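Treat the numbers as computed from the prediction; the structure is a model and nothing was measured.
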Amino acid sequence: METNEIIQFVSDGFDKAKAGVAVETYHTIINHPDMRVLPQKSHYPMGWIIYYALHQSPAHAVRERKQLLAHYLRLNVAKPHKLHSMILTEAFRLYGDVKSSESVSSLQSSGESRFSIVKFAELWNLAYIRPTDWNRKEHEGKQLPSTVEKLITHYTDELYGMRVPASDEFTGIINQAMVAYPPTDRLFAQRAQIHELAGEKESAVEMLRNAILASSTKFYLWSRLANLITDKDDLRLKVSLLYKALRCPGQEDFKGKIHLQLAAALAEGGAFPQARWELNHVKEFYGNKGWNLPRLYKETEKKIPAGTEAADPSGIYRKIEHLADDFIYESLPDIPVRKTYHKPAAETTDRYGNRRPGQTAWRVTDAEGNNYWFNPGRYGIQEDLPADTQLTVKVFGGKLVKARLIIED
C-alpha cells in the first residue's frame, strides 16, 4: 500500500471501531503486512481504535488488554489530550478487574494477573493530567468521581499494598486534591496512607482522625488508626480504638482480623485470659471459613501461659471504650447550644420497600444562630427532653459529631 492508502485504511478502521467492532478492526490492522510501520498521521486514529478495543474487551481479557495498552504507549500522539486521559481510565478498569478477578489464582502462574497501575501511570506520565481530568461528572443524578480521584484511589491502593512510598509527583497530586475537593473520609484516609508510607506517623494519625470525624461509622478507619498506635505509645488507647472498630456497622466476616489484633494487644498488656478469649473467637471464625490461621495468631498464642483459661474481655472494654472518642474529638472546641426543635421518629421505607423505624431528630442552636441537626439517641441522650435543654456539641465540617448534656449542679 501507498502511504495515503494506509492512512485511509486506518481512518476507515476508526469508524468501524467506533461502531462496535474495535477488537476485530485492531487485529485486521496489526496483522496486515503493510501496517507494520504506520505513518505519523495514522497514530492518532490508531490510538482511538486501541481505546475502543480496550473499552469493548471483556473483563477476563487481561493479556489482550495489557498488549493494547503497551501498543498505545508506543504511539506518538498528542499529550495532554482527551484520548490520553481516556486510555488512563481503561487502565483503571484493567487494574480493578485484575484485582477482583475470581480466577486470579489460575492466572498467577502465567503472570497474566500482574498489572501495575503505578508503573503504567509513570509511563503514561502524570504531567499530562488535564484540568478537565479534575472535574466530576453526573450520571442519572449521581455524582461520579473524577479521573484524578480514580487515579488517587487505585494508585494509593497499589502503593499501600506494596508498602512503597509515593513519588513527589503523586504526593503533589493528592495534596492538590485535598484543596480541590470537599473533605471526605476517603480522601483523608488515602492521604493518611501516603503519610504512613513516608514514615510520617503523626501526620497519618491526624489524617485518620479527620477521616473518622467525616465518617465515624466505618470500622476500617478505626482499625487502621489503631494500627498506627504502637503498644509502647498507649496500649489502652489501641485496645479502645480496636473495640470501637468492632462496634461499628459492618459484616462480621470482615472483622476477624480486628479480634486477632485485640488478642495481640491484650496479651502484650498481660491480660492473658482475655487474650485467650479473643484467640478462641478467631480460631472458631477462621475454622468455620476454612481459612488458615495467620502468623499473628501463633505469635500471640506463644505469649499466653499454658493452661490459661479464657475470660470475657467485655469488662476491660467498657472501662476504656471512652478513650477512643476522647482521642478523636478532644481537639474540637466545645460549643454551647440549646434544643430548639424536636422532630419525632417516623417509620420510613428503604429502596427495597422494607419498613424501617425512624429516628428522632433534634435541632440545636448556638449563640450565633447556627443550627445543627442530630439524633440524640446516638449519643445516649434521652430523646424526649424539653425545648431549651442545654448541651455542648463538637462540630466538624459543618456537621455535629459529638453531643453531651450540660448537667447543672
Please determine whether the number of non-hydrogen atoms from other residues, nucleotides or ligands lying under 6.0 Å from atom [atom1] of [X] exceeds 12.
| X | atom1 | answer |
| --- | --- | --- |
| Glu2 | CD | no |
| Asp168 | CG | no |
| Lys16 | NZ | no |
| Lys201 | NZ | yes |
| Arg295 | CZ | no |
| Lys119 | NZ | no |

Would you find a donor on one side and an acceptor on the other, under 3.5 Å apart, between the side chain of [X] and the backbone of [Y]?
| X | Y | answer |
| --- | --- | --- |
| Lys137 | Asn135 | no |
| Asn31 | His27 | yes |
| Tyr379 | Val401 | yes |
| Thr156 | Ile152 | yes |
| Arg93 | Ala59 | no |
| Arg130 | His84 | no |
| Asp34 | Met1 | yes |

Can you tell if the side chain of [X] reaches within under 4.5 Å of the side chain of [Y], non-hydrogen atoms only?
| X | Y | value |
| --- | --- | --- |
| Phe92 | Thr153 | no |
| Met178 | Phe188 | yes |
| Asp133 | Leu88 | no |
| Val164 | Val118 | no |

Geometric cation-pi criterion, Arg209 with Phe327: 6.0 Å, 45°: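 That pair qualifies as a cation-pi contact.
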Are a donor atom and an acceptor atom from the side chains of [X] and [Y] found within less than 3.5 Å of each other?
| X | Y | result |
| --- | --- | --- |
| Tyr160 | Glu196 | yes |
| Arg378 | Thr217 | no |
| Gln8 | Asp12 | yes |

Derivation and outcome, ring pair (Phe, Tyr, Trp, His ring centres under 6.0 Å), residues Trp222 and Tyr243: CA-CA 9 Å; Trp222 293 94; Tyr243 180 58; over 10 Å; no
Summary of side-chain hydrogen bond (donor to acceptor under 3.5 Å, both in side chains) pairs that have at least one residue in residues 49-59, sequence neighbours excluded: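 Those involving residues 49-59 are His55-Glu90.
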Give the table of side-chain donor-acceptor pairs shorter than 3.5 Å for residues 252-259, with sequence neighbours excluded, one pair per line with atom names and distance.
residue	atom	partner	partner atom	Å
Glu252	OE2	His259	NE2	3.0
Asp253	OD1	Lys289	NZ	3.1
Asp253	OD2	Lys289	NZ	2.9
Lys255	NZ	Leu246	O	2.9
Lys255	NZ	Cys248	O	2.4
His259	ND1	Glu278	OE1	2.7
His259	NE2	His281	NE2	3.3

Residues in side chain to side chain donor-acceptor pair (under 3.5 Å) contact with [X], at least two apart in sequence or another chain:
| X | value |
| --- | --- |
| Gln193 | none |
| Asn371 | Thr365 |
| Arg236 | none |

Pairing of Glu149 and Arg136 as salt bridge, 4.0 angstrom limit: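 The answer is yes: the pair qualifies as a salt bridge.
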Short N-O contact, Glu268 and Lys238, less than 4.0 angstrom: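 No, no charged N to carboxylate O under 4.0 Å.
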Sequence neighbours excluded - salt bridge (charged side-chain N to carboxylate O under 4.0 Å, His left out) pairs with any residue from residues 169-194: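 Matches after skipping sequence neighbours: Asp185-Lys218.
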Identified side chain to side chain donor-acceptor pair (under 3.5 Å) partner of His195 from the options Glu200, Glu206, Gln190: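 That would be Glu200.
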Parallel, tilted or perpendicular: rings of Phe374 and Trp362 (30°, 60°):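 Plane angle over 60°, so perpendicular.
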Parallel, tilted or perpendicular, as decided by the 30° and 60° cut-offs, for the rings of Phe120 and Phe115: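 Tilted: the ring planes of Phe115 and Phe120 meet at 30° to 60°.
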